[in-house]
Amino acid sequence: MKRLFPDYTYGPGPREGCWWDETIPSLNWPEMKGDLTVDVAVVGGGFTGLSAALHLAQAGTSVAVLEAETPGWGASGRNGGFCCLGGSKLSPKAMSRRFGASAAREYGQAEADAVHLVAGLLRDHRIEADVHSKGETQLAHNARAMSALRKGADSTGVLHEAKDLPGLGFGGAFHGGYTNPVGFGLNPRKYLFGLAEAAQRNGAKLFQKSAVQTLQKIAQGFEVTTPVGKVRASNVLICTNGYSSEDVPNWMSGRYMPAQSTVLVTRPLTNFELAAQGWTTDQMSYDTRHLLHYFRLMPDRRFLFGMRGGLRSSPRAEAAIRHKVQRDFTQTFPEWSAVDITNIWSGMVCLTRGLTPYVGPVSGQPGMFAGFAFHGNGVAMGTYCGRALAQLAIGQGPQLPTPMTRTPPRFPLGPWRRALMPPAYWMMGLADM
């Protein structure tokens with residue numbers, strides 16, 4: 001496997017301390033050994049891969065999921081647990097300019113449909129995932145950002161002026177906010193494991209420690225090799241997102257950009273501590289920064305706070321980004337500066353050059369499809385794209401909005417494209433001031 005970041009990124013260091021690992025026992029899938037023939041092989045066992053596997057199995061299609069690590073090891077088991085609108089980093093105006101107003105509306109509907117899909121899966125498969133929050137609230141970090149929220153607000157949500165926030169339980173130096181009613185918070189590991197168990201009940205075969213080493217086109221489809229096994233399949237789905245490899249398949253090279261996100265969780269807060277900060281709402285929230293902060297009070301009264309911004313990956317860089325997220329947390333919520341932070345970890349989100357997700361065929365490989373680049377919103381959009389990939393594999397032809405079907409162009413600089421990120425982050429940091 002040829003990956004973009006150093007080996008440290010793909011080892012235990014960044015995810016050490018992940019709170020979700022302490023909330024539900026690990027699943028123990030077998031390792032793929034020997035030979036297996038299925039209709040569809042799925043590379044990657046996160047939200048996208050398991051959603052695809054579940055929908056394929058429910059349709060009566062034989063499917064094998066090949067996870068390189070253990071269940072929940074990647075971004076799906078270490079994110080902030082925001083099931084919300086998102087998936088693209090284009091503003092609605094930018095999307096309309098690029099694709100047209102109709103396509104932009106269709107994409108917006110797809111984001112909402114993705115949230116509703118997760119809600120339906122939780123309900124239909126009776127997955128207990130600590131769900132809370134009615135929609136999500138974006139909080140303005142300065143007066144200029146609040147002016148933009150006022151201009152962009154519509155009747156589907158509720159605009160909050162700064163004077164309204166204390167009464168709503170949003171305690172902090174915010175200039176106002178806007179609540180969208182679509183979305184909810186959850187425990188991502190419990191949701192992921194619920195998807196896995198539902199897929200297995202319907203006949204899907206799930207394998208761990210089974211990294212795909214080669215993908216070879218054969219007369220009957222594809223031959224997929226792992227360290228000690230071989231899978232033959234008519235179709236292959238690539239569902240690796242921020243943990244993709246440049247050569248699985250070679251088509252992926254240069255089409256994705258991993259970016260780091262770091263999360264912390266506090267010990268449970270007392271009612272006195274919540275009142276001191278003025279944060280008493282269960283509403284999941286994020287601020288208006290380009291390098292955003294996202295945060296929520298969870299059902300067990302622990303507080304989760306995350307941020308974008310890490311650019312390097314090494315033990316030293318990991319220590320630095322963990323220090324920064326703690327500093328940003330205490331600056332945002334100063335009354336909790338003495339509260340114990342019990343868990344901190346990092347993981348990789350995924351971008352495309354065009355800043356939109358992709359679901360569709362892998363060029364030159366009939367029968368192979370890929371879904372990736374959810375731009376930090378993989379709970380809902382990853383699930384949605386997994387279902388779409390399943391439909392593509394069985395020839396149902398999902399009706400996807402145009403922005404999701406355009407083949408992502410490659411980033412400049414090829415294997416050195418990470419050099420593009422520091423100046424981009426510097427410009428976003430300036431814009432956040």
Checking Val379 against Val115 for the side-chain contact (heavy atoms from CB on, under 4.5 Å) test, could you report, in this order, the C-alpha distance in whole Å, the side-chain angles of both residues, the deciding distance, and whether it holds? CA-CA 8 Å; Val379 177; Val115 175; over 6 Å; no

Indicate whether the side chain of [X] and that of [Y] have a donor and an acceptor atom separated by less than 3.5 Å.
| X | Y | value |
| --- | --- | --- |
| Gln138 | Asn180 | no |
| Glu22 | Asn343 | yes |
| His293 | Asp328 | yes |
| Asp282 | His132 | no |
| Thr179 | Thr137 | yes |
| Arg267 | Thr342 | no |

Looking at [Y], is its backbone amide N or carbonyl O close enough to the side chain of [X] to form a donor-acceptor pair, meaning the two atoms are under 3.5 Å apart?
| X | Y | result |
| --- | --- | --- |
| Arg353 | Arg410 | yes |
| His375 | Val349 | no |
| Thr330 | Arg327 | yes |
| Thr226 | Val212 | no |
| Asp287 | Ala140 | no |
| Ser313 | Tyr8 | no |
| Thr70 | Trp73 | no |
| Tyr178 | Arg150 | no |
| Ser76 | Gly72 | no |
| Gln208 | Glu67 | no |

Output, in order, the C-alpha distance, side-chain angles, deciding distance and verdict of salt bridge (Lys or Arg N to Asp or Glu O under 4.0 Å) for Asp247 and Arg3. CA-CA 8 Å; Asp247 58 350; Arg3 283 169 154 172; over 6 Å; no

Evaluation steps, side-chain contact (heavy atoms from CB on, under 4.5 Å), between Met257 and Thr352: CA-CA 6 Å; Met257 179 77 81; Thr352 57; over 6 Å; no

Atom of [X], atom of [Y] and distance for their closest heavy-atom approach:
| X | Y | answer |
| --- | --- | --- |
| Ala52 | Leu237 | CB-CD1, 3.8 Å |
| Asp432 | Arg144 | C-NH2, 4.5 Å |
| Trp345 | Gly17 | CE3-O, 3.6 Å |
| Gly45 | Val65 | CA-CG1, 3.8 Å |
| Leu389 | Gly371 | CD1-N, 3.8 Å |

Cation over ring, [X] on [Y], under 6.0 Å and within 45°?
| X | Y | value |
| --- | --- | --- |
| Arg417 | Tyr256 | yes |
| Arg302 | Trp19 | yes |
| Arg255 | Phe411 | no |
| Arg296 | Trp279 | no |

Say you draw a straight line from OG of Ser314 to CG of Asp7; how long is it, rounded to the nearest 0.5 Å? 12.5 Å

Rounded distance [0.5 Å steps], CE in Met298 versus CG in Leu304: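 Here the interatomic distance stands at 5.0 Å.
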
Do [X] and [Y] have side chains that approach each other closer than 4.5 Å (heavy atoms only, starting at C-beta)?
| X | Y | result |
| --- | --- | --- |
| Asp340 | Thr266 | no |
| Ser261 | Asn79 | no |
| Arg78 | Pro14 | yes |
| Arg387 | Thr48 | no |
| Thr288 | Leu149 | yes |

Should the heavy atoms of other residues, nucleotides or ligands under 6.0 Å from CG of Asp124 be counted, would the total exceed 12? yes

Start with the C-alpha gap between Met404 and Tyr384, add the side-chain angles, then the distance that decides, and say whether side-chain contact (heavy atoms from CB on, under 4.5 Å) holds. CA-CA 11 Å; Met404 299 177 67; Tyr384 180 85; 4.0 Å; yes

Would you please indicate if the ring centroids of Phe82 and Tyr294 are separated by under 6.0 Å?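 That pair passes the under 6.0 Å test.
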
Between Trp251 and Tyr358, is the gap from one ring center to the other below 6.0 Å?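 When the ring centroids of Trp251 and Tyr358 are compared, they turn out to be within the sub-6.0 Å range.
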
Stepwise side-chain hydrogen bond (donor to acceptor under 3.5 Å, both in side chains) check, Asn187 with Thr23: CA-CA 9 Å; Asn187 180 320; Thr23 65; 2.9 Å; yes

Going by the side chain to side chain donor-acceptor pair (under 3.5 Å) test, name the single residue among Arg15, Glu318, Arg322 that passes it with Ser346. Glu318

Is the ring pair Phe333/Phe305 parallel, tilted or perpendicular, if the boundaries are 30 and 60 degrees? perpendicular

Aromatic plane relationship, His160 with Phe170 - under 30° parallel, 30 to 60° tilted, over 60° perpendicular: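 Because their plane-to-plane angle lies in the 30° to 60° range, the rings of Phe170 and His160 count as tilted.
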
Tabulate below the donor-acceptor pairs under 3.5 Å that side-chain atoms of residues 193-204 make, not counting sequence neighbours, or state none.
residue : atom : partner : partner atom : Å
Asn202  : ND2  : Ala198  : O            : 2.8

Derivation of the side-chain contact (heavy atoms from CB on, under 4.5 Å) call for Met348 and Gln260: CA-CA 5 Å; Met348 306 301 283; Gln260 187 170 317; 4.2 Å; yes

For Tyr286 and Phe295: C-alpha separation, side-chain torsions, deciding distance, then whether ring pair (Phe, Tyr, Trp, His ring centres under 6.0 Å) applies. CA-CA 6 Å; Tyr286 66 106; Phe295 34 90; 8.5 Å; no

